[in-house]
Student: 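Dropping the structure in here first, questions after.
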Amino acid sequence: MPAKAKRTLVDQAYHGIKRRIRENQMPPGSNMPEQQLAESLGVSRTPVREALIRLESEGLVEVVPRHGVRVLPVKTEDMREIYDILTALEPFAAMQLAKSGPDPRMLEKMQHAVEEMEAALASQDLDRWARGDELFHRELLEALGNRRLSAFVERLNDQAHRARMITLRMREVPRESTLEQRAILEALRAADGKKVERLFRKHRERVASELTDILSKLQIANL
């Protein structure tokens, strides 16, 4: 098989498995043999095996020899650590972006993400809101152009995604988050690095406290 075709199959398997994990179709602690996983994805075991090695390096699964794959849970303590790192990295990235003078096309994409969140609130569609929220953060990192930072933050977000989605309906309707992200966008538009950094840090700290408080109160140890 040509190398390009093989890489395409590996990517297909990787994104397919990751999507199932993120959407809780493969819940934490679940086990699945490689062959069964390959058949469900419509590919052979070889690209599945390579995709699983990649996902294992990202902390999403554990490859168990002769037993297939186990989806790793995310602990409450993991969530605290993840948000500590995000609170340090993302405000810094936003500040750097503001100082460099954001590309108007990037601002348009972030504007679209905020409008999606606002429309989702109006229609009471929390899944749509979550997609808009994720798009906002992703577009900001892509606009900065730091591939290593983007890849690292994406890995953390993949690990935290299930916890965010499970607790989304346990929290207050995310009006405050939407207002905060609109304010961050306007500060970026004004190229005000200090204000962007301050607003983004406050946003991340508040969300982290809200989420981890829910997990602790409900005594949810693993997600």
Side-chain angles (χ1 to χ4, degrees), residues 1-76 78-79 81-83 85-86 89-90 106 109 112-113 116 120 125-169 220-223:
M1 179 185 294
K4 185 175 180 180
K6 180 181 178 183
R7 176 51 49 195
T8 299
L9 288 175
V10 173
D11 287 343
Q12 177 185 327
Y14 168 82
H15 290 295
I17 297 168
K18 188 198 285 195
R19 185 184 67 253
R20 294 180 182 195
I21 293 171
R22 283 170 57 92
E23 295 177 358
N24 242 13
Q25 295 173 12
M26 293 174 62
S30 63
N31 293 273
M32 185 175 289
E34 279 185 12
Q35 184 60 41
Q36 182 182 342
L37 193 52
E39 290 173 359
S40 70
L41 291 165
V43 297
S44 69
R45 289 179 65 177
T46 299
V48 166
R49 189 173 297 118
E50 292 191 29
L52 290 175
I53 291 171
R54 195 166 150 192
L55 290 164
E56 185 174 46
S57 73
E58 295 176 5
L60 291 176
V61 304
E62 176 188 16
V63 178
V64 184
R66 296 182 299 280
H67 291 282
V69 59
R70 184 175 76 91
V71 179
L72 293 176
V74 176
K75 300 176 182 178
T76 301
D78 294 333
M79 290 300 300
E81 292 179 359
I82 287 169
Y83 270 93
I85 297 170
L86 291 176
L89 291 181
E90 285 191 309
M106 178 279 297
K109 291 179 180 179
H112 172 69
E116 276 292 290
D125 186 343
L126 288 179
D127 290 326
R128 181 182 178 187
W129 183 89
R131 290 192 296 271
D133 176 63
E134 191 169 11
L135 178 63
F136 180 91
H137 290 272
R138 185 170 67 247
E139 291 295 348
L140 187 148
L141 287 167
E142 287 184 6
L144 183 62
N146 187 322
R147 289 179 296 173
R148 287 182 175 84
L149 178 60
S150 294
F152 182 62
V153 171
E154 182 181 4
R155 182 178 299 187
L156 293 176
N157 279 324
D158 284 337
Q159 293 178 21
H161 181 77
R162 286 171 297 179
R164 287 201 301 267
M165 293 306 294
I166 288 171
T167 59
L168 183 58
R169 288 169 173 80
I220 301 175
N222 296 311
L223 290 164

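On a predicted model such as this, the values are computed, not experimentally measured, just so you know.
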Student: Would I17 and M26 count as a side chain to side chain contact (heavy atoms under 4.5 Å, CB included) if you check the C-alpha gap in whole Å, the side-chain angles of each, and the deciding distance to 0.1 Å?
Tutor: CA-CA 8 Å; I17 297 168; M26 293 174 62; 4.3 Å; yes
Student: Measuring from atom CE of M79 to atom CZ of R162, what distance do you get when rounded to the nearest 0.5 angstrom?
Tutor: 10.0 Å
Student: Could you list the residues that satisfy side-chain contact (heavy atoms from CB on, under 4.5 Å) with E154, not counting sequence neighbours?
Tutor: K18, D158
Student: Tell me if a side-chain donor or acceptor on E56 pairs with a main-chain N or O of V63 at a distance below 3.5 Å.
Tutor: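 Yes; judged by distance alone, with no hydrogens or angles, the pair exists.
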Student: What closest approach, in Å, do A160 and I82 show between heavy atoms, and which atom pair accounts for it?
Tutor: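 Looking at all heavy atoms of both residues, the closest pair is CB-CG2, 4.1 Å.
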Student: Supply the atom-to-atom distance R138 CZ to D133 CG, rounded to the nearest 0.5 angstrom.
Tutor: 10.5 Å
Student: Under 6.0 Å from the CZ atom of R147, do we count more than 12 heavy atoms belonging to anything else shown?
Tutor: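 Incorrect, the count does not exceed 12.
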Student: If we only count heavy atoms from C-beta on, is the L52 to Y14 side-chain gap below 4.5 Å?
Tutor: no
Student: Test your reading of the model: is there a side-chain donor-acceptor pair from D78 to the backbone of K75, 3.5 Å cut-off?
Tutor: yes
Student: Rounded to the nearest 0.5 Å, what separates atom CZ in R19 from atom NE2 in H161?
Tutor: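 So the CZ of R19 and the NE2 of H161 are separated by 12.0 Å.
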Student: Between D127 and R169, does any side-chain N to carboxylate O distance fall below 4.0 Å?
Tutor: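 A salt bridge is present here (some side-chain N lies under 4.0 Å from a carboxylate O).
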Student: Check side-chain hydrogen bond (donor to acceptor under 3.5 Å, both in side chains) between R20 and all other residues, then give those that pass, not counting sequence neighbours.
Tutor: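 Listed in chain order: S40.
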Student: Strictly distance-based, threshold 3.5 Å: is any side-chain N or O of Q159 a donor or acceptor partner for the main-chain N or O of E58?
Tutor: yes
Student: Please find the pair of heavy atoms, one from G59 and one from L72, that lie closest to each other, and give the distance.
Tutor: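 In terms of heavy atoms, the two residues are closest at O-CD1, 3.7 Å.
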Student: Tell me if a side-chain donor or acceptor on N24 pairs with a main-chain N or O of P27 at a distance below 3.5 Å.
Tutor: no
Student: CG of L141 to CZ of F152: how many Å apart, nearest 0.5 Å?
Tutor: 12.0 Å
Student: Could you tell me the separation between the CG atom of L55 and the CG atom of L60, rounded to the nearest 0.5 Å?
Tutor: 6.0 Å
Student: Using a 4.5 Å cut-off on heavy atoms from C-beta on, say whether the side chain of L140 contacts that of L144.
Tutor: no
Student: Going by an N to O cut-off under 4.0 Å, is there a salt bridge joining R49 and E34?
Tutor: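 Yes.
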Student: For side chain to side chain contact (heavy atoms under 4.5 Å, CB included), just list the numbers for V69 and N31, CA-CA rounded to whole Å, side-chain angles, deciding distance to a tenth of an Å, and then say yes or no.
Tutor: CA-CA 6 Å; V69 59; N31 293 273; over 6 Å; no
